[in-house]
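Remarks on the structure that follows.
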Amino acid sequence: MNFQNEIIKWYKLNKRDLPWRSTTDAYVIWLSEIILQQTRVEQGLPYFNKFLQHFPKVEDFANASETHVLKLWQGLGYYSRGRNMLFTAKQVMELHGGIFPVKYDELIKLKGIGEYTAAAISSFANNQSKAVVDGNVFRVLSRYFGVEEPINSTLGKKEFTELAQSLIEDQQPSLYNQAIMEFGALQCKPKSPLCSICPLRLNCFAFKHNKVDILPLKLKKVKIRERWFNYFIGVKDDHVLTKQRKPGDIWEQMYDFPLIETLDNEEYLKPDFWNQIKYLFGNEVNIKLLSQKKHLLTHQIIYVQFFGLDNYIVNFNLHAEIKSVLIEDFKALPHPKVISNFIETYL
DNA sequence: AACGCGGGGCC
DNA sequence: GGCCCAGCGTT
């Protein structure tokens, strides 16, 4: 039996029952695919259900506010996905009359839909013969066929894409694409793959050559940036000080507190730090350290300090980015995880 | 081609 | 602590 048939046979015996597999509605599949980008199924599943409940049709999504979308997305990360979905939902209403496209060439033009997602939607919703190439597929193909080109090199991406596309010819596209990804997720896992019970092990290059734990190859690692965030919590008459984060940095468009970012762990003890605080909150202001958190992200480590403000005055004309809003309204806004965690404990 | 973008789970 | 997860957009 060839590779594809083994994969499909394995899939029929071992597949999970996932909600987006029981539909060919391109909108629903799009919802699931965007949510699952760089996201584990278990983490994305509750968000998928929540979004489908709030926005049953693409029209409902298109009519939502960005704040509402980001609020529903809160906690999932990579928030540009949510913003791009709103943009694309509007596009689908305007350019496609509310009918979500199912052809690869149309899908690839939409914001937030790249090669993987266009292949996924077009194959699942339309049985178009486009091979998905995601992290699972890279791993399975690299190990089974012994492809040793790095998966994140230009040549590697080309090789894997061509190999994947050659394998899907003459297959049922939807079934085969689902199967190879599920096989990668459950059987041919990154760590501790289940080789001893794998039906493909006898013809697997990596198993034969004892390279399971080094394949696939990947070039270098991301450099992690360290940052120091000092947040200031001003509460007065059921209102709290807040600001919206600007483009060009993490958590774009989401809401946090007035912030002084420092360049290291010591700087907040120095006079300049106090000058900034007095500039923002007046000369009579007092601060009290409320909590410290080390917030770990893939590309950044953020050391966060929360200071409570006392006896403060804000000149809202001078500091137009800072707003004072009802605490209950503030809680309804979208916040990054480190902020929503703080809110739960302190507000 | 390289980089920025979240949060969580696993080893 | 490092790696990976149904990747994509920007520069």
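Each chain gets a letter, A, B and so on, in the order the sequences are listed, and its residues count up from 1.
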For this session: Would you sketch DNA chain B in dot-bracket for me? Only Watson-Crick or G-U wobble pairs with both distances under 3.5 Å count, crossing pairs as [ ], other-strand pairs as |, the rest as dots.
Result: |||||.|||||

Exercise. According to the side-chain hydrogen bond (donor to acceptor under 3.5 Å, both in side chains) rule, which pairs have a member within residues 23-37 of chain A, sequence neighbours left out?
Worked result: A:Glu33-A:Tyr116, A:Gln37-A:Thr117

Exercise. Which residue pairs pass the ring pair (Phe, Tyr, Trp, His ring centres under 6.0 Å) test when at least one of the two sits in residues 312-347 of chain A, sequence neighbours left out?
Worked result: A:Phe257-A:Phe330, A:Phe257-A:Phe342, A:Tyr279-A:His319, A:Phe306-A:Phe342, A:Phe330-A:His335, A:Phe342-A:Tyr346

Exercise. Counting only non-hydrogen atoms, which of residues 156-182 of chain A are less than 4.0 Å from DNA chain C?
Worked result: A:Gln178, A:Met181

Exercise. What residues, two or more places apart in sequence or in another chain, satisfy side-chain contact (heavy atoms from CB on, under 4.5 Å) together with A:Asn136?
Worked result: A:Asp134, A:Arg139, A:Met181, A:Ala185

Problem set entry | Within residues 245-264 of chain A, residues whose heavy atoms come under 4.0 Å of DNA chain B | A:Asp249, A:Ile250, A:Trp251

Problem set entry | Salt bridge flag under 4.0 Å for residues A:Glu182 and A:Arg21 | yes

With the criterion being N/O to N/O and under 3.5 Å, what pairs connect the protein with nucleotides 1-3 of chain B, and how long is each?
unit_1 : atom_1 : unit_2   : atom_2 : d
B:dA1  : OP1    : A:Thr154 : OG1    : 3.3
B:dA1  : OP2    : A:Thr154 : OG1    : 2.1

For this session: Could you list the residues that satisfy ring pair (Phe, Tyr, Trp, His ring centres under 6.0 Å) with A:Tyr303, not counting sequence neighbours?
Result: A:Trp228

Exercise. Could A:Lys50 and A:Tyr47 be counted as a cation-pi pair, given that NZ or CZ must be under 6.0 Å from the ring centre and within 45° of the axis?
Worked result: yes

Exercise. What does A:Lys223 touch in the nucleic acid at a heavy-atom separation under 4.0 angstrom: a base, only the sugar-phosphate, or nothing?
Worked result: nothing

Exercise. With nearest nucleotides of DNA chain B determined for A:Leu297 and A:Ser192 from heavy-atom distances, which residue corresponds to the more 5′ nucleotide?
Worked result: A:Leu297

Problem set entry | Proximity to DNA chain B (any heavy atom under 4.0 Å), residues of residues 37-60 of chain A only | A:Gln38, A:Thr39, A:Arg40, A:Gln43

Problem set entry | N/O donor-acceptor pair, side chain A:Thr298 with base B:dG4, under 3.5 angstrom | no

Seminar exercise, completed: Expected list for residues 126-139 of chain A near DNA chain C, using heavy atoms below 4.0 Å, is A:Asp134, A:Gly135, A:Asn136, A:Arg139

Problem set entry | Hydrophobic cluster (4.5 angstrom, side-chain heavy atoms) - remaining members for A:Phe205 | A:Ile214, A:Leu215, A:Leu217

Exercise. Near DNA chain B, which residues from residues 68-82 of chain A have a heavy atom under 4.0 Å away?
Worked result: A:Gly75, A:Leu76, A:Gly77, A:Tyr78, A:Tyr79, A:Arg81

